[in-house]
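To start, the structure itself, in structure tokens.
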Amino acid sequence: VDHDQVLIPIQELKVQVLRLRLSGARIREADDHPLPWAKFESRLRRRFIDGDLTIADQTLRSRATQHLDLSDHDILCSIGGDGTIHEIINGIMHRQEKPLPKLGLIPGGTGNAFLTDFGLTDPNRAVQRILEGAPNPIDLMQVDHQDGTTFAFNIVAYGLFSSGNELAERIRWLGKRRYDLAGLIKILQRESYEGALFANGHKVFDKSLLFVIANTRHSGEGMLISPNGSIRDGQMNLISIQEANRRQLFQVFQRLSSGTHLSLGVVNEKVASIFEFQGRGSLPLNIDGEQIGHPPFKVKTLPSALEVIL
């Protein structure tokens, strides 16, 4: 695509782009070079007819899109990573107006797990898809936990994945390396967590080291956590470890980027549309990489809950 060419869509689209100031958005091109926001905004505006594009900075993270006036727009776009998508989806799902707005996604965060599933990690290509693509229905997850209800598109995790995420947030000053360090510390500690997990009403286990309920294939930065998963099949994939020594846990984490961890004997997978965890504790859940809510909790699939342009 010629970035300096003025592209006029076949059908005029009214688009609102939302950039969350607190999301830490980092826009990078296909070659991983940083792309300054001012330059990207200029490119973006050249692709739309005057008046058809609205760019709004949003300073509130909590349900940022719940009360936006979208009556004059066809598509709501977000610029950011998975955390931004999480906030925007939760705002959309709590809106009173129906039908829900169509969502376009432009990668600009540290983790872009959702768009990695569709090979859309280059922002210029993502914009082109928004102009040319048709909306596709995707599944979401509804998480009813002790503190309320949260909607998720990526994962719901507990155990090592949750405690590691909690520790990583306390050492943010280390940057990206904080996740590796937090994971290493938690592997060495090797804590197990009591609580029965049920899949479609059938008990799976009473105790575990970790479990991840995945709606997408990727999670975090480049982890192929659920290689057999799909965001369009009305199901979720449970990846869990009940028992493992430290060496086996290291092997699991070394294979997460390739998705070959499922071949290890300590890793179990189960597919269901409803999962329910009856444990209790002070450890928060890891929902789409965010620390939200506490057990007990129930997760159910919402098939084709939202239309996304991919």
Side-chain angles (χ1 to χ4, degrees), residues 82 110-111 113 116-117 152 154-172 174-199 203-229 236-272 275-297 299:
D82 294 324
T110 304
T116 299
D117 270 17
N154 183 208
I155 64 165
V156 179
Y158 198 68
L160 197 154
F161 260 80
S162 190
S163 62
N165 188 61
E166 183 184 43
L167 176 58
E169 287 301 305
R170 298 204 301 266
I171 53 174
R172 291 186 66 89
L174 285 175
K176 293 182 180 180
R177 292 178 299 172
R178 69 186 186 272
Y179 294 107
D180 294 332
L181 178 59
L184 174 62
I185 291 172
K186 291 302 175 180
I187 286 175
L188 292 174
Q189 291 176 344
R190 198 176 152 274
E191 297 176 86
S192 61
Y193 297 85
E194 301 284 342
L197 184 84
F198 294 82
K203 185 184 286 188
V204 181
F205 55 72
D206 286 304
K207 184 173 71 172
S208 64
L209 292 168
L210 68 88
F211 65 87
V212 180
I213 300 168
N215 189 44
T216 56
R217 299 176 69 238
H218 290 85
S219 181
E221 257 191 284
M223 289 192 298
L224 186 52
I225 190 71
S226 179
N228 300 321
M236 300 169 286
N237 292 61
L238 170 70
I239 312 297
S240 65
I241 299 177
Q242 280 82 67
E243 281 293 337
N245 59 38
R246 292 180 179 87
R247 180 182 62 82
Q248 290 169 325
L249 285 173
F250 275 120
Q251 287 180 327
V252 171
F253 277 80
Q254 286 173 340
R255 294 194 183 194
L256 282 176
S257 61
S258 64
T260 57
H261 55 288
L262 293 185
S263 65
L264 298 173
V266 297
V267 181
N268 302 291
E269 182 180 29
K270 196 166 190 66
V271 178
F275 290 100
E276 186 169 2
F277 182 62
Q278 295 183 352
R280 292 187 178 273
S282 59
L283 183 67
L285 310 183
N286 176 347
I287 302 180
D288 293 346
E290 308 290 329
Q291 298 176 65
I292 303 172
H294 297 83
F297 63 88
V299 187

Discussion item. I'd like to know if the side chain of Asn245 and the backbone of Arg247 have a donor-acceptor N/O pair within less than 3.5 Å.
Written reply: yes
Item to complete: Taking Asn215 for its side chain and Asn154 for its backbone only, find out whether a donor-acceptor pair lies under 3.5 Å.
Response: no
Worksheet item: What's the shortest heavy-atom distance between Leu285 and Ser162, and which atoms?
Response: C-OG, 3.6 Å
Worksheet entry | Partner residues of Ser192 under the side-chain hydrogen bond (donor to acceptor under 3.5 Å, both in side chains) criterion, sequence neighbours left out | none
Worksheet item: Can you tell me if Arg190 uses its side chain to pair, donor with acceptor, with the backbone of Leu209 under 3.5 Å?
Response: no
Response to the item:
Heavy-atom closest pair (Ala196 atom, Asp206 atom, distance to 0.1 Å) is CB-OD1, 3.6 Å
Worksheet item: Lys207 and Gln242: which non-hydrogen atoms are nearest, and at how many Å?
Response: O-CG, 3.4 Å
Worksheet item: How many angstroms lie between atom CG of Asp288 and atom CD1 of Ile155, to the nearest 0.5 angstrom?
Response: 7.0 Å
Discussion item. Within this structure, what is the CZ-CD1 distance for the pair Phe161 and Ile239, rounded to the nearest 0.5 Å?
Written reply: 9.5 Å
Worksheet entry | Atom pair OG/CE of Ser226 and Met236 - distance to nearest 0.5 Å | 11.5 Å
Discussion item. To the closest 0.5 Å, what do you measure between CZ (Phe297) and CD (Gln278)?
Written reply: 11.0 Å
Discussion item. Measuring centre to centre across the rings, with the benzene-like ring taken for any Trp, is Phe211 within less than 6.0 Å of Phe275?
Written reply: no
Fill in: Residues Asn237 and Glu269: side-chain donor-acceptor under 3.5 angstrom
yes
Practice prompt. Output yes when Glu276 and Lys203 qualify as a salt bridge under the 4.0 Å nitrogen-oxygen rule, no when they do not.
Written response: no
Could you pull out all donor-acceptor pairs under 3.5 Å where a side-chain atom in residues 257-265 meets a protein atom, sequence neighbours excluded?
unit_1	atom_1	unit_2	atom_2	d
Ser258	OG	Arg255	O	3.1
Ser258	OG	Thr260	N	3.4
Ser258	OG	Thr260	OG1	2.8
His261	NE2	Ile225	O	3.0
Ser263	OG	Arg255	NH1	3.0
Ser263	OG	Thr260	O	2.7

Response to the item:
Scanning both residues in full, the closest heavy-atom pair of Ala152 with Ile287 reads CB-CG2, 3.6 Å
Worksheet item: Side chain of Arg217, backbone of Leu224: donor and acceptor closer than 3.5 Å?
Response: no
Worksheet item: Looking at Leu160 and Tyr193, what are the two nearest heavy atoms and their distance?
Response: N-CE1, 4.0 Å
Fill in: Minimum side-chain heavy-atom gap Leu210-Ile241 below 4.5 Å
yes
Worksheet item: Could you give the distance from NZ (Lys186) to CG (Leu181), rounded to the nearest 0.5 Å?
Response: 11.0 Å
Fill in: Main-chain N/O of His218 paired with Asp117 side-chain donor or acceptor, under 3.5 Å
yes
Item to complete: Return the minimal non-hydrogen interatomic distance between Leu283 and Pro295, and the atom names on each side.
Response: O-CD, 3.6 Å
